[in-house]
Asks: 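Take a look at the following structure, please.
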Amino acid sequence: MKRLATQAAERVKRAGHVDVFSHIDPDGITSGTIASQALERLGIDHEMHFLKKLDSRAVEEIKDRNPEAVWFTDLGSGLFHRLADLSGVITDHHLPSEVVVPGGDRDDLRDYMTPDMVHVNPHLVGIDGTSELSSSGTAYLVARALSRENQDLAALGAVGAVGDLQDRAQGRLVGANREVVGDGERSGVLQVIRDLRLFGRETRPVFRLLQYAHDPPLPHLTEDAEACIVFFLELGIDLKGEGGWRRWIDLEAEEKRTVVSELVMSLLQKGYGHAQARRLTGEVYLLPREEEGTPLHDAKEFATLLNACGRYEAGEVGYLVCRGDRGEAYKQALGLLKGHRRHIVTSLDVVDDVGVESLDHIQWFHGGDRIKDTVVGIAAGMVLGSGSVKQDMPLFAFAQAEDGVKVSARASQRLLQRGLNLAVVVREAAAKVGGEGGGHAVAAGATIPPGTEDEFLRIADGMVGVQLQA
Ligand code: C5P
């Protein structure tokens, strides 16, 4: 990775003007910001563009601009064969396309890049881009190769990785991400603590933390506000303090220990294994230069704030917040966060309403026009994480989009170990019905023509069956 990052840095330094294209999710917004900051510090003129997805149409539009140099972040690898005639760099962690540079033989790294288009992707060097390095980490390695001064961007590197749930399986960031975390700590922009890993430690009243816990769901507490309040009262823990509702960060160390041991015990009693129960606590990544008690101080909350921007056509707002705007853009982001929370709640109600159906090897729901295409993947992940649907089948979700039907597919880590690769399933099933897609082994997406959902599901069902049997 370091050699590729250095090569990419050399390419970037030769550019006069760079068009940066990035994805709209937290990993995309942080990667784009890292690229943009690194370019700015070098004095290289650049323009930032956020894309919902990179498909053939977007590629044509980009080529029509005739850019002098490009830097793709968090997208590009899946369509590398279509981008190979451009000039610049790609820092991505999605599964690279199997169609290589014309004439190449796939086992050679040179088949995934050209002398003028440097492709930096952990998958190309045997690092798992789903769990060991995000796009923000990949972009960070290039930024660091450009200048040691960019080490402060490691904090955004960690926010992107957490946004892509790369800390989820083991309760901590692993693999090449450790290098990013280490740099962040050394440069004073990141602090790693061991704590409860639930969302909202810094901003939510503490009982809400339990009420909204979904990964894993807490027996008798998740989704039941009253039970959560009683839980704290029974433990003798005050819910209100001088400043109003107490948040997790307001609790005394002893109170926190009591809560965690109660929660672990109830999970064990419910039949969860020790490994699952242990996942409640783990590493939490803090940004010490941000104000405590705001959604910017905890990487997980920061990533959600960015989700609230990118998924509602406001990637630019998230980008400005990442660049340090604490005025107008930050205010706007907080407003978007409120709306995002509301839409998530509504989306989960819609799933309840339409119901989840099963085929032989997969399950699915269709949100129609009631779930936003950019949020249907988040909803699918939450429904799967809540344990209310089958855990031994991937979940496919549909929602109406402007240019077709959006598909999002999510699966548990367990299925990954059994050989499932949703990136391949979604890419190939989408192509067969006239759509386009790709992504990761446990989270993939596509857009397909309206009316082809049944055919898509039939093909995906067959492919998943074959993958899980193999
Ligand atoms: O959109 P969603 O959250 O479901 O995307 C899951 C993954 O699939 C993302 O990493 C995204 O980049 C990828 N994807 C893709 N092509 C699409 C849609 C999503 O490669 N058309």
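Counting starts at 1 for both ligands and their atoms, in listed order.
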Asks: Check ligand 1 against Gly439 and write out every atom of the ligand that is under 4.0 Å from a heavy-atom position of the residue.
Replies: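 Close to Gly439: 8 (O), 13 (C), 20 (O).
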Asks: Surrounding CZ of Arg57 (heavy atoms of other residues, nucleotides or ligands, distance under 6.0 Å), is the total greater than 12?
Replies: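 No, because the 6.0 Å sphere around CZ of Arg57 holds 12 heavy atoms or fewer from other groups.
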Asks: For atom 4 (O) of ligand 1, what is the closest protein heavy atom, and at what distance to 0.1 Å?
Replies: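 That would be Ser408 OG, 2.5 Å.
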Asks: For the side-chain hydrogen bond (donor to acceptor under 3.5 Å, both in side chains) test, which of His119, His93, His94 pairs with Ser77?
Replies: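 Of all the options given, the one that passes is His119.
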Asks: So how far is it from Lys300 NZ to Leu305 CG, rounded to the nearest 0.5 Å?
Replies: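 Going from NZ on Lys300 over to CG on Leu305, the span is 15.5 Å.
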Asks: Can you check which of Arg427, Arg410, His440 brings a heavy atom nearest to atom 3 (O) of ligand 1?
Replies: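 Closest candidate by heavy-atom distance is Arg410.
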Asks: In the protein, which heavy atom is nearest to atom 1 (O) of ligand 1, and how far is it?
Replies: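 Checking every protein heavy atom, the shortest distance to atom 1 (O) of ligand 1 gives Lys406 NZ, 2.5 Å.
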Asks: Locate the shortest heavy-atom distance separating Leu334 from Pro295; write the atom from each residue and the value.
Replies: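 Heavy atoms of Leu334 and Pro295 come nearest at CD2-CG, 3.8 Å.
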Asks: Starting from atom 18 (C) of ligand 1, which protein heavy atom do you reach first, and at what distance in Å?
Replies: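 That would be Gly445 C, 3.2 Å.
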Asks: Which residue and non-hydrogen atom of the protein lie closest to atom 7 (C) of ligand 1, and at what distance in Å?
Replies: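 I find the closest protein heavy atom is Ala443 O, 3.5 Å.
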Asks: Would you say Arg41 has more than 12 foreign heavy atoms packed within less than 6.0 Å of its CZ?
Replies: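 Check passes, neighbour count above 12.
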Asks: For Asp349, what residues pass the side chain to side chain donor-acceptor pair (under 3.5 Å) criterion, not counting sequence neighbours?
Replies: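 Once residues adjacent in sequence are excluded, Asp349 has no partner under the side chain to side chain donor-acceptor pair (under 3.5 Å) criterion.
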Asks: Record the part of Ala446 in heavy-atom contact with ligand 1 below 4.0 Å; permitted values are side chain, backbone, both and neither.
Replies: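 Backbone only.
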Asks: Which residues pass the side chain to side chain donor-acceptor pair (under 3.5 Å) test with Arg178, sequence neighbours left out?
Replies: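 For Arg178 the side chain to side chain donor-acceptor pair (under 3.5 Å) partners, ignoring immediate neighbours, are Glu283.
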Asks: For the 3.5 Å polar cut-off, considering only N or O atoms, please tell me whether Gly438 and ligand 1 meet it.
Replies: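 Yes; the residue has a nitrogen or oxygen that sits under 3.5 Å from a nitrogen or oxygen of the ligand.
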Asks: Any nitrogen or oxygen of Val407, side chain or backbone, less than 3.5 Å from one on ligand 1?
Replies: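 Min N/O separation from ligand 1 is not below 3.5 Å for Val407.
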Asks: Any idea which protein heavy atom is nearest atom 12 (O) of ligand 1, and the distance to it?
Replies: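 For this ligand atom, the closest protein heavy atom is His94 NE2, 3.1 Å.
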Asks: Determine whether the side chains of Arg323 and Ser36 contain a donor N or O and an acceptor N or O closer than 3.5 Å.
Replies: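 A donor-acceptor contact under 3.5 Å links the two side chains.
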Asks: With heavy atoms only and a cut-off of under 4.0 Å, state how Glu436 meets ligand 1: side chain, backbone, both or neither.
Replies: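 The answer is the backbone of Glu436.
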Asks: Considering only heavy atoms, which of Gly435, Ala423, Ala444 lies nearest to atom 6 (C) of ligand 1?
Replies: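 The option holding the nearest heavy atom is Ala444.
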